[in-house]
Amino acid sequence: MAELNIAATKTTPAVHYRPEGPSFRVSGTSVPENTSAFYAPIMAWLHANLADLPEDCTFEFSLPYFNSSSLKAIYLLLLEVKNGVLHGKRFSVVWHIEEGDEFMIEAADTFRELTGMAIELRTGLLESGCGQSAQGQDKAA
Amino acid sequence: MKKNLLDYQGRYGSEVRIQLIELVQCIALYNLGRRSDLKKLVSVALELLDNAQRYNTGSDVDFSWHIAGNELVVRVTNNSTSHDAERLVNAVEEISRMDPAEITEAFRRQMLNEGFGEKGGAGLGMLQIARKVGNTIRVHVEPLDNDVYVCRSEVSAALVPKSQ
């Protein structure tokens with residue numbers, strides 16, 4: 001299976017597939033200028049390797065901020081994941097959020113509604129440009 | 001009380017866009033505090049700045065993020081072609097006639113349409129804003145010269161009391 005190892009930039013998330021785990025992980029801010037151009041090779045990798053992924057692979061998304069076109073790109077990724085499930089895989093999806101974050105909770109709800117898939121919410125602090133400051137703000141409050 | 005938080009006028013490109021987004025994230029956190037709708041408010045700036053970069057025909061942008069009373073007002077002005085200016089006006093006028101259920105349904109339809117635009121966008125930005133902070137988008141366009149229009153988009157978001 002071809003490796004998938006894309007490093008994060010200021011506008012695009014890191015995307016990795018790790019055989020140990022096994023997990024497919026998207027993490028970081030996703031605000032590319034051309035969302036289609038960034039996600040197309042990731043979609044192609046997933047489509048080409050879906051059948052070879054371990055049946056218990058976890059798809060994890062940890063995105064502190066993303067734009068609406070990234071929302072659509074992630075939805076298209078999840079449709080591929082669902083395709084694997086429909087072919088007998090036991091894939092799971094984990095959506096990382098910060099506690100009480102309405103924006104991210106509603107995004108997960110949107111994905112559940114549109115794909116019909118179970119999406120586990122996992123709460124914790126996400127790294128963003130203001131992540132450390134957020135901790136400081138907590139202490140100051 | 002009018003509280004100006006950020007006002008930028010100048011050159012615009014990918015690097016400035018991401019720096020403005022990161023600055024807005026921090027400004028929002030420090031001036032509004034931790035609240036459950038914080039990312040919804042930041043997403044208004046994010047979507048308007050996205051559109052400004054995607055359709056800008058000039059090299060500059062005028063961006064402001066300020067609090068007026070109990071409202072957050074985000075305003076972006078950039079140049080565009082007459083075609084894109086017309087599309088913007090039509091899209092916002094269409095959204096302004098929708099009730100919340102119709103906005104949700106329009107958003108759903110646009111999500112299910114698998115295509116992206118030729119500039120890599122998904123046509124969801126204004127619908128997303130209307131879903132997240134209310135149907136308060138205003139646009140004003142005026143011709144500058146030849147095929148160039150000045151487009152100003154403004155969104156007012158009610159600052160409800162902190163729920164977190």
Side-chain angles (χ1 to χ4, degrees), chain A residues 8-12 28-40 43 63-76 78-80 97-107 109-111 113-115 125-141, chain B residues 13-15 17-43 45-54 56 104 107-108 110-129 131-133 162-164:
Chain A
T9 70
K10 284 187 173 182
T11 58
T12 57
T29 295
S30 182
V31 292
E33 183 182 350
N34 189 327
T35 304
S36 175
F38 175 73
Y39 280 96
M43 287 290 302
L63 304 164
Y65 279 93
F66 57 84
N67 57 13
S68 56
S69 50
S70 296
L71 184 81
K72 183 162 185 170
I74 295 163
Y75 162 67
L76 295 175
L78 290 174
L79 284 185
E80 278 293 337
I97 63 165
E98 289 172 335
E99 189 170 0
D101 181 350
E102 292 174 4
F103 185 88
M104 294 298 171
I105 292 170
E106 288 172 12
D109 288 342
T110 297
F111 293 138
E113 183 203 337
L114 295 181
T115 66
L125 188 65
L126 307 189
E127 286 182 23
S128 70
C130 213
Q132 294 305 310
S133 303
Q135 289 180 312
Q137 179 82 359
D138 277 346
K139 287 172 186 168
Chain B
S14 270
E15 185 62 24
R17 180 174 65 98
I18 193 64
Q19 296 287 349
L20 285 174
I21 290 170
E22 288 184 358
L23 190 52
V24 165
Q25 290 172 21
C26 291
I27 287 171
L29 181 59
Y30 274 86
N31 287 274
L32 300 175
R34 291 188 73 85
R35 44 189 296 150
S36 59
D37 62 352
L38 194 73
K39 287 187 182 177
K40 289 183 179 181
L41 299 172
V42 171
S43 76
L46 201 155
E47 297 296 341
L48 293 182
L49 286 168
D50 260 17
N51 278 346
Q53 182 165 10
R54 194 166 286 129
N56 200 1
T104 298
F107 180 86
R108 189 174 185 277
Q110 193 65 19
M111 281 287 283
L112 295 175
N113 161 17
E114 288 194 11
F116 282 88
E118 62 181 34
K119 294 176 180 174
L124 289 164
M126 292 302 189
L127 286 168
Q128 177 80 322
I129 289 172
R131 284 176 77 222
K132 296 303 177 189
V133 300
K162 285 171 70 170
S163 55
Q164 187 186 356

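Keep in mind that the numbers below use all heavy atoms, side chains included, and drop hydrogens, waters and symmetry copies. Chain identifiers are assigned alphabetically (A, B, ...) following the order of the sequence lines, protein sequences preceding nucleic acid strands; residue numbering begins at 1 within each chain.
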Evaluate B:R131 against A:E106 for salt bridge (charged side-chain N to carboxylate O under 4.0 Å, His left out), listing each step before the verdict. CA-CA 11 Å; B:R131 284 176 77 222; A:E106 288 172 12; 5.7 Å; no
With distance as the sole test, does A:K10 use its side chain to make a donor-acceptor pair with the main-chain N or O of B:S14 at under 3.5 Å? no
Between chain B and each of A:S69, A:A37, A:A40, count heavy-atom pairs under 4.5 Å; write down the option with the most. A:S69
Rounded to the nearest 0.5 Å, what separation is found between the OG1 atom of A:T11 and the CG atom of B:D50? 10.0 Å
Looking at A:S68 and B:E47, what are the two nearest heavy atoms and their distance? N-OE2, 2.7 Å
Toward chain A, the part of B:Q53 with a non-hydrogen atom under 4.5 Å: both
Could you measure the distance from the OG1 atom of A:T35 to the CG atom of B:L124? Nearest 0.5 Å is fine. 10.0 Å
Honestly, the part of A:F66 sitting under 4.5 Å from a heavy atom of chain B is backbone
With a 4.5 Å heavy-atom cut-off, do A:L71 and B:M111 have their side chains touching? yes
Enter the distance from B:I18:CD1 to A:T9:OG1 here, rounded to the nearest 0.5 Å. 8.0 Å
Donor-acceptor contact below 3.5 Å, side chain B:K39 vs main chain A:P64: yes
Using modelled atom types only, decide if a donor and an acceptor are shared between the side chain of B:R17 and the backbone of A:V31 within a distance under 3.5 Å. yes
Contact summary for B:S36 and A:G100, nearest pair of heavy atoms: CB-O, 3.1 Å
Check the pair A:E113, B:R108 against salt bridge (charged side-chain N to carboxylate O under 4.0 Å, His left out), reporting the backbone distance first and the verdict last. CA-CA 10 Å; A:E113 183 203 337; B:R108 189 174 185 277; 3.0 Å; yes
Is any side-chain heavy atom of B:V42 closer than 4.5 Å to a side-chain heavy atom of A:Y65? yes
Okay, A:T110 and chain B: the region with an atom under 4.5 Å from a heavy atom over there is side chain
Where A:E102 and B:D37 come nearest, the two heavy atoms and their spacing: OE1-CB, 3.7 Å
